[in-house]
Amino acid sequence: MPTPPAWHPVPSTAHQGIRSSRWMWQRLFRWPSQNFSRENGARRMRASVRVLWAAFLAAHLLVAWWGWVLPSQPMGDVVLVYQPWSAAALNGGAVVGITTTWVYPQLALVPMLLAQLFAVPFTSVMGGDGAYLIGWAILVTVCDLFGFAALVGRGRTRRRRTAGWMWTAALVLLGPIAMYRIDAITVPLAIVGGLWLAQRPRVGAALLTIGAWIKIWPAAIVLAAIADGRRAWSTAVTAASVTAVIMLVLVLLGADRALFGFLTEQTGRGLQIEAVAATPFLWLAMVGIASIDYSFDILTYQITAPGAEVVAALLTPLMGVVVLGILVVAVLRARHGVLWQRMLPALAMAVVVALIVTNKVGSPQFQTWLFAPAILWIVFDRPRAQLPSALVLLLCALTFTIYPLTYDGLLQAEAFPVLLITARNAVLVILLFHAVRSVVHAPVSPHLTRTR
């Protein structure tokens with residue numbers, strides 16, 4: 001047996017015995033305060049996690065109830081359009097997205113059909129409409145609970161518990177619009193998909209792509225993940241493969257001309273009153289220069305004023321330019337080796353907010369799109385997530401005060417709701433600026449800096 005080097009002496013049997021005895025002594029006779037402190041800390045953490053889970057469930061019950069009692073029918077879309085669409089498909093009528101063009105991607109019909117299933121036990125008591133509303137609320141709650149389990153679980157990390165409280169607070173502050181829209185189904189998909197981009201990029205990209213075929217906005221997180229540069233090829237191939245499979249199934253079901261109807265149906269829309277670009281026209285409406293009119297074609301309120309149609313026509317290409325510009329900046333930063341944990345959540349937020357700020361629709365439920373980027377920011381980069389999280393919560397609160405609380409006044413172009421929506425839209429622009437700035441100033445990996 002070769003002699004070990006002089007700087008690595010072989011421990012004697014007696015020396016090993018002393019170390020073993022010392023370890024046993026420390027284990028057997030450790031200070032009781034140390035054991036108590038650890039057990040007490042673990043007990044407090046378990047209690048805080050139980051409180052968090054209870055608060056999350058209670059938030060859903062409260063928000064679901066608000067939908068029944070608050071003004072302006074915040075759950076109107078569910079019972080006025082989701083239920084008739086799904087009922088027609090079940091009863092042999094038109095299948096939206098398949099036999100007729102549709103404003104939503106085709107997979108949006110799936111949760112609408114599932115809500116019919118959840119509604120069955122309540123039909124005899126509540127009637128068709130009431131039962132469907134309860135079924136929809138149950139479906140959204142179940143989906144959110146699965147997403148919450150993936151995010152928080154047993155709450156072993158502080159950043160995930162913080163993200164869980166952020167989700168709970170945002171849900172309450174935004175109100176019933178956070179549950180009674182199709183966008184609510186995509187929120188847990190986007191959160192779980194975004195989280196899994198770190199360790200399971202293929203699964204994460206698949207979930208985000210499925211979400212995009214329900215409501216297109218989760219594609220923004222997919223684009224952010226590709227531009228971020230970390231496993232970009234794997235993410236892009238997975239998203240393209242899932243899209244190809246979905247399109248093949250839809251074509252086999254008969255969706256040929258209606259396949260991309262959710263893109264073409266949006267082109268003829270005017271400038272909706274909640275859009276950021278509609279803000280100046282709302283002030284003009286206060287003095288009678290512009291008006292707010294209802295469109296029976298797309299079931300929404302739009303601006304009628306000189307120049308409004310031009311602004312609406314310019315917003316779609318502007319959206320493409322802004323989103324492309326943000327992604328190009330991100331790709332250039334990624335080539336310099338920035339930390340993906342610092343850039344991905346900021347980039348996802350920047351792209352998502354850009355879709356809202358440059359949108360000619362601007363529906364209040366668009367604020368739910370901000371939940372996933374804010375939660376990803378907390379999980380991946382908590383020290384720098386405070387400001388964007390606070391801005392998202394402020395946006396939720398302002399949106400709630402506008403819709404449904406003061407929406408009737410907004411339709412009359414009254415000063416207070418116009419001031420509220422002006423403040424809300426200004427905060428959106430501030431959030432966009434902050435997110436883009438965070439992408440631009442994302443730090444380079446220390447490892448790459450040392451090797452240069």
Under 3.5 Å: donor-acceptor pair, side chain of Q106, backbone of L259: yes

Would a distance-only check, ignoring hydrogens and angles, find a side-chain to backbone donor-acceptor pair under 3.5 Å from K215 to Y104? no

Practice prompt. Could you tell me whether the side chain of W167 reaches within less than 4.5 Å of the side chain of L151, counting heavy atoms only?
Written response: yes

Separation between CG (L405) and OG1 (T399), nearest 0.5 Å, reads 11.0 Å

Margin query: Let's go through W102 and W85 carefully: what are the C-alpha distance in whole Å and the side-chain angles of both, what is the deciding distance for side-chain contact (heavy atoms from CB on, under 4.5 Å) to 0.1 Å, and is it a yes or a no?
Written below: CA-CA 10 Å; W102 198 27; W85 282 334; 3.5 Å; yes

side-chain contact (heavy atoms from CB on, under 4.5 Å) between M112 and Q116: does it pass, once the steps are laid out? CA-CA 7 Å; M112 297 177 189; Q116 293 280 4; over 6 Å; no

Residues P188 and G147: closest non-hydrogen pair is CB-CA, 4.1 Å

Does the side chain of T406 reach to within under 4.5 Å of the side chain of L410, using non-hydrogen atoms?
-> no

Q | Centroid separation F400 to W66 less than 6.0 Å | A | yes

Can any side-chain N or O of R342 pair as donor or acceptor with the backbone N or O of A442 at less than 3.5 Å? no

Minimal heavy-atom distance between S295 and Q302, with the atoms involved, is CB-NE2, 4.0 Å

Pairwise side-chain contact, V429 with F433, heavy-atom cut-off 4.5 Å (strictly under) | no

Exercise. Yes or no on side-chain contact (heavy atoms from CB on, under 4.5 Å) for L428 and V276, after CA distance, side-chain angles and deciding distance?
Worked result: CA-CA 8 Å; L428 277 170; V276 174; 3.9 Å; yes

Margin query: For F262 together with W213, are the ring centres under 6.0 Å from each other?
Written below: yes

In this structure, OH of Y403 is separated from CG of L420 (nearest 0.5 Å) by 16.0 Å

Do N359 side-chain atoms and V361 backbone N/O form a donor-acceptor pair below 3.5 Å? yes

>> Run the ring pair (Phe, Tyr, Trp, His ring centres under 6.0 Å) test on Y294 and F296 for me, step by step, so that the C-alpha distance in whole Å, both residues' side-chain angles and the decisive distance to 0.1 Å come before the verdict.
In response: CA-CA 6 Å; Y294 187 75; F296 290 94; 5.0 Å; yes

Check your understanding: Just checking, any donor-acceptor pair under 3.5 angstrom between side chains of T368 and D183?
Key -> no

Discussion item. Has R230 got a side-chain atom pairing as donor or acceptor with A198's backbone, closer than 3.5 angstrom?
Written reply: yes

Mind checking whether L271 and E309 have side chains closer than 4.5 Å, heavy atoms only?
no

Scanning both residues in full, the closest heavy-atom pair of L171 with A59 reads CD2-CB, 3.9 Å

Closest non-hydrogen contact found for L173 with L393 is CD1-O, 3.7 Å

Taking the side chain as everything from C-beta on, heavy atoms only, tell me whether L376 gets closer than 4.5 Å to L195.
yes

Exercise. Does NZ or CZ of R200 come closer than 6.0 Å to the centre of the six-membered ring of W196, within 45° of the ring's axis?
Worked result: yes

Margin query: Quick check against the 3.5 Å criterion: does R424 have a side-chain atom that pairs as donor or acceptor with the backbone of E274?
Written below: yes

Those residues at least two apart in sequence (or on a different chain) that pass ring-ring contact (aromatic ring centres under 6.0 Å, His included) with W340 are F380

**Request:** In sequence, state the C-alpha distance, the side-chain angles, and the governing distance for S438 and H434, and then conclude on side-chain contact (heavy atoms from CB on, under 4.5 Å).
**Result:** CA-CA 6 Å; S438 299; H434 176 75; 3.7 Å; yes

Smallest heavy-atom separation, R154 atom then M45 atom, equals O-CE, 4.4 Å

Here the gap from Q367 atom CD to I402 atom CD1, rounded to the nearest 0.5 Å, amounts to 8.5 Å

- Item | Proximity of W136 and Y82 rings by center, below 6.0 Å | yes

Check: Y407 side chain, T401 main-chain N or O, donor-acceptor pair, under 3.5 Å:
no

Only one of T358, V351, L355, L327 passes side-chain contact (heavy atoms from CB on, under 4.5 Å) with V322, and that residue is T358

The reported gap from OG1 in T300 to CD1 in I273 (rounded to nearest 0.5 angstrom) is 7.0 Å

Review point. Will you find, in the side chains of S389 and W377, an N or O donor that is under 3.5 Å from an N or O acceptor?
Key: no

**Q.** Test log, rule ring pair (Phe, Tyr, Trp, His ring centres under 6.0 Å), inputs F56 and W53
**A.** CA-CA 5 Å; F56 189 68; W53 273 94; 7.1 Å; no

Flag the pair L139 / V142 as yes when at least one side-chain heavy-atom distance between them is below 4.5 Å, and no otherwise.
-> no

**Item:** Between T238 and R202: side-chain donor-acceptor atoms closer than 3.5 Å
**Value:** no

Query raised in the report: Sub-3.5 Å donor-acceptor pair from the side chain of S86 to the main-chain atoms of Q83, do we have one?
Result: yes

message: Is the shortest side-chain heavy-atom distance between P105 and I214 below 4.5 Å?
response: no

Worksheet item: Under 3.5 Å, side chain of T186 to main-chain N/O of I182, donor-acceptor pair present?
Response: no

### Query
Quick one: are L347 and I326 in side-chain contact, heavy atoms under 4.5 Å?
yes

Of all heavy-atom pairs linking V140 and M179, the shortest is CG2-O, 3.5 Å

In residues 67-79, what donor-acceptor pairs under 3.5 Å come from side-chain atoms, sequence neighbours left out?
residue	atom	partner	partner atom	Å
S72	OG	P404	O	3.4
D77	OD2	R181	NE	3.3

In this structure, CZ of R257 is separated from CD1 of I98 (nearest 0.5 Å) by 15.0 Å

Interatomic distance, CG@L62 vs CG@L57, rounded to 0.5 Å, equals 11.5 Å

